Amino acid sequence: MSTAPISREDAAAGFRGAFGGAPDLVARAPGRVNLIGEHTDYNDGLVLPAAVSLATFAAGRRLPAPVLRLASREFPGVVEVPLAARRPRGDWTDYVTGTARAMAARGLAVAGAELWFASEIPPGAGLSSSAALEIAAGLGLLRLAGDARPLPALSWDLILAGQAGEREWVGANCGFMDQASAVLARAGAALLLDCRSRETEYIPLPAEAVLAVCHTGVRHELATSAYNQRRRECEAAVAGLAAHLPGLRSLRDVNPEMLERYGGEIDPVVARRARHVVTENARVPAACAALRTGDWPRLRAVFAASHASLRDDYEVSCPELDAMVEAAAAAPGFLAGRMTGGGFGGCTVNLVAADLAPAFAAAVTADYQARMHRRARVFLLATAGSATIEP
Ligand code: GLA
């Protein structure tokens, strides 16, 4: 796995090596960082992801038969899966087949195809390599099947098909933030998305800051099962609170006063999970306001509170993420930082003064090594636009 840039020509050459001949198209979908609004998407809440300049590429060619022939730079062999496959295979191809099935179920055009994939996004880093794979595959398959509608006309079908593919075929009960970021992102901005109304707003990122994504190098095996468990705990919180708040549908409808009043009536662990979600929803607009005015002390405090809440109330951080956050806070150029994505390993996201970014990266790497005896990888990333068919 390498994060070295992949060009359209590289993707075409990879396709030729796997299948012979030229692809009809190359689709590209970006990974993301989430600036804030963590574990809120599946609670109808607010999120603020930004697509980054690491992407997954899918080079594709239409086939007359209703099968997918799938190959990847990252995995050996060519896997052939009927479009009407009845069960997942338990490997990387499930993200693609799952998305294709979910697209068909939503009435989107899907045809047989040969697809070759390559990704710049480190897997298991919390940078949404899965969603990028789903959306690159989904967009490529749509175009190969002749659906030429502009992306805005099919955004939500594509987003929800990617999410459904992952939930139904891979078994990760994810929200739709990652897929939405890949489809709706704009370069230079973060995407403020209301996961209930699906309203969007673009929050420009101040030019004096860059994104520094610090990879802990760990991925906890329990990530998927613990993620699914958090979802169930949120559902339990809604059920428990609804006894006192009739008509309650999701944690989005709960404010801190309600939690103060009724939190003692429900299971204490479940109440802490709810407190994270409720307070995190309030932190998203606070972070947007700080970003709009370039109020770095305010943003720093909001990000720090988010990290503490994820660590203490939601319990999805780990010692490596905590050490990385502490190392970043002491490094030159640091403006604000926290863990990003689902947790249990992966990356932290930091906003760093552009002119000090190399010094920041060097200091964090040395400090993390001293604290955890592990090598950190620091990616200085630009924001990116939405998924595209490469010209
Ligand atoms: C993963 C999921 C998202 C979201 C985040 C946590 O990335 O795929 O839907 O829930 O975790 O914010």
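In listed order, ligands and their atoms are each counted from 1. Bear in mind the structure is a predicted one, so any value in this text is a computation, not a measurement. Along the sequence shown, the residues carry numbers beginning at 1.
- Residue Tyr227 places at least one N or O, backbone or side chain, under 3.5 Å from an N or O of ligand 1.
- Polar contact with ligand 1: absent for Thr40 (N/O pair, distance under 3.5 Å).
- In this structure, the side chains of Trp92 and Glu74 stay at 4.5 Å or more apart for every pair of heavy atoms.
- Protein heavy atom closest to atom 5 (C) of ligand 1, with residue, atom name and distance, is Met177 CE, 3.8 Å.
- Between Leu127 and Val52, every side-chain heavy-atom pair lies at or beyond the 4.5 Å cut-off.
- In terms of protein heavy-atom proximity, atom 8 (O) of ligand 1 is nearest to Asp178 OD2, 2.7 Å.
- Taking every heavy atom of Gly175 and a limit of under 4.0 angstrom, the matching atoms of ligand 1 come to 9 (O).
- No donor-acceptor pair under 3.5 Å is formed between the side chain of Thr224 and the backbone N or O of Ala172.
- Using bins of under 30°, 30° to 60° and over 60° for the plane-to-plane angle, the ring pair His39/His276 lands in the perpendicular bin.
- Close approach to Tyr42 involves these atoms of ligand 1, each under 4.0 Å from a residue heavy atom: 10 (O).
- A donor-acceptor distance shorter than 3.5 angstrom exists from the side chain of Arg230 to the backbone of Tyr314, with no hydrogens or angles considered.
- The residue among Asn43, Asn173, Asp41 with a heavy atom at the shortest distance from atom 4 (C) of ligand 1 is Asp41.
- Among the atoms of Gly341, none of the N or O lies under 3.5 angstrom from an N or O of ligand 1.
- Phe176 and Trp156 have perpendicular rings, their planes meeting at more than 60° on a 0 to 90° scale where under 30° would count as parallel.
- Summarising the contacts of atom 12 (O) of ligand 1 with Gln163, Glu38, Met339, the nearest heavy atom is found in Glu38.
- With hydrogens and angles ignored, the 3.5 Å screen pairs a side-chain donor or acceptor of Thr293 with a backbone N or O of Ala289.
- Arg32 counts as a contact of ligand 1, since one of its heavy atoms falls under 4.0 Å from the ligand.
- Close approach of ligand 1 to Gly342 (heavy-atom distance below 4.0 Å) involves ligand atoms 11 (O).
- With hydrogens and angles ignored, the 3.5 Å screen pairs a side-chain donor or acceptor of Asn34 with a backbone N or O of Gly37.
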